[in-house]
2 protein chains.
Amino acid sequence: MAKTTSKKADEAICSERHAATAASIGPLAVDDAQRMGEFFNVLADPTRLRLISLLAAEEFCVCDLASSLGMTDSAISHQLRALRAARLVSYRKEGRQVFYRLHDHHVLDLYQTVREHLDE
Amino acid sequence: MAKTTSKKADEAICSERHAATAASIGPLAVDDAQRMGEFFNVLADPTRLRLISLLAAEEFCVCDLASSLGMTDSAISHQLRALRAARLVSYRKEGRQVFYRLHDHHVLDLYQTVREHLDE
DNA sequence: CAAATACATGAGAGCATGTTCATGTATTTG
DNA sequence: CAAATACATGAACATGCTCTCATGTATTTG
């Protein structure tokens, strides 16, 4: 470990010029980073991404989403809860079914950008 | 639990029409979903997002990144490893320092799209 | 009204992840 | 060459997450 001058965080010696610049611009605030991280985390799960890929085409009820993915209603319902909390999906009740759909275009934008990156 | 006709995954009864449609289009393959999920997961951490926010402006060495975020060299180095593995950053060696920079424009595209979403 | 259906949710098991600590490698300096 | 610097990495602990299981609620049906 770089046991240098300080305890708190290996205070830099290498190039304080850059450190100063960084300090003046400042990194993303911890709170904002936390919030943004939580959002990306919702997209960091295979099941939720597969749900999004289905909902990209049309709306579906929980039951069909579950059978399409070969998973239990319960597991899907839990994941839809996360997608709802992140405002990535909306829903509509019809009788005893609940139909889910993508909330806006942002999701697909992200989806597309990442596909590009992974296909390089 | 919805103990219905099947064991494997609560096979749908509600609307097999939709289920059939979903099956024909088909969700994102599990492998692809896994890979995409792993990528999003790299962006799901506050520290890595703060690193990206710093590198958005200019390149920095590990030491300065660490002191800017008030964290140890070690922690930052571990996180840079994850960013490297996801091909989100590139690096350049100069003497005993290693300068990191963003690899391409995709990262900032994602960053921007998510900010829009969170600011609504 | 009772049974069945469609979905939601709390608790817990099993697994993954970020940080710290200790150590290792490469480069520079005295 | 020896010491110091800048960074990388393995192990381990603490934390968080996804799924299963059990149960609860709302709506429809017989």
Side-chain angles (χ1 to χ4, degrees), chain A residues 1-16 18-19 33-34 37-38 40-51 60-67 69-85 89 91-100, chain B residues 1-16 18-19 33-34 37-38 40-51 60-67 69-85 89 91-100:
Chain A
M1 185 195 188
K3 200 60 173 50
T4 58
T5 55
S6 168
K7 277 91 191 310
K8 50 158 36 173
D10 292 34
E11 210 164 295
I13 297 182
C14 50
S15 63
E16 306 201 4
H18 277 154
Q34 180 74 34
E38 283 166 8
F40 275 120
N41 194 45
V42 177
L43 297 174
D45 177 76
T47 300
R48 288 192 289 264
L49 286 172
R50 298 181 78 212
L51 286 172
F60 284 105
C61 64
V62 179
C63 187
D64 287 343
L65 289 169
S67 68
L69 299 190
M71 298 177 63
T72 64
D73 293 0
S74 179
I76 297 306
S77 196
H78 276 294
Q79 302 298 23
L80 287 171
R81 185 180 217 277
L83 292 173
R84 257 161 38 208
V89 299
Y91 62 94
R92 165 178 78 83
K93 293 190 65 172
E94 182 178 324
R96 54 188 159 193
Q97 300 184 30
V98 179
F99 289 90
Y100 282 84
Chain B
M1 190 223 245
K3 199 66 173 47
T4 56
T5 56
S6 167
K7 277 90 191 312
K8 49 157 43 171
D10 294 32
E11 210 164 297
I13 297 184
C14 49
S15 64
E16 306 201 5
H18 278 152
Q34 180 73 35
E38 282 166 7
F40 275 119
N41 194 45
V42 176
L43 297 174
D45 178 76
T47 299
R48 289 193 289 266
L49 287 172
R50 297 180 80 211
L51 286 172
F60 285 104
C61 64
V62 179
C63 187
D64 286 344
L65 289 169
S67 69
L69 299 191
M71 298 177 62
T72 63
D73 293 1
S74 179
I76 297 306
S77 196
H78 276 295
Q79 302 297 24
L80 287 171
R81 186 181 216 279
L83 291 173
R84 257 160 39 209
V89 299
Y91 61 96
R92 167 179 77 84
K93 292 190 66 173
E94 183 177 321
R96 53 189 159 191
Q97 300 183 29
V98 179
F99 289 89
Y100 283 84

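No hydrogens, no waters, no symmetry mates; every other heavy atom, side chains included, goes into these values. By convention in this document, chain letters (A, B, ...) are assigned in the order of the sequence lines, proteins followed by strands, and residues within each chain are numbered from 1.
Taking side-chain N and O atoms only, S74(A) has no distance below 4.0 Å to OP1 or OP2 of dA8(C). R96(B) has no side-chain polar atom (N or O) that falls below the 4.0 Å cut-off from OP1 or OP2 of dT29(C). For the OP1/OP2 pair of dC7(C) and a distance below 4.0 Å, the side-chain nitrogens and oxygens of S77(A) include no atom meeting the criterion. Proximity of Y100(A) to the phosphate of dA8(C): a side-chain N or O atom is located under 4.0 Å from OP1 or OP2. Checking the phosphate oxygens (OP1, OP2) of dT9(D), a side-chain nitrogen or oxygen of R84(B) falls inside 4.0 Å. Residue R81(A) places none of its side-chain N or O atoms closer than 4.0 Å to OP1 or OP2 of dA8(C).
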*asked:* Dot-bracket for DNA chain D, please. Rules: Watson-Crick or G-U, both distances under 3.5 Å, ( ) within the strand, [ ] when a pair crosses earlier ones, | for another strand, . otherwise.
replied: ||||||||||||||||||||||||||||||
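Of the candidate nucleotides dT19(C), dT20(D), dC7(D), dT20(D) has the atom nearest to the side chain of A75(A). You'll find that the side chain of V62(A) is closest to dC7(C), out of dC7(C), dG18(C), dA8(D).
Per the geometry, CG belonging to L51(B) stands 13 Å off C1' belonging to dG18(C), to the nearest Å. Rounded to whole Å, the distance from CD on Q79(A) to P on dC7(C) is 16 Å. Rounded to an integer number of Å, the gap from D73(B) CG to dT9(D) C1' is 13 Å.
For the pair H78(A) and dT9(C), the ring geometry qualifies as stacking, because the centroid separation is below 5.5 Å while the planes lie within an angle under 30°.
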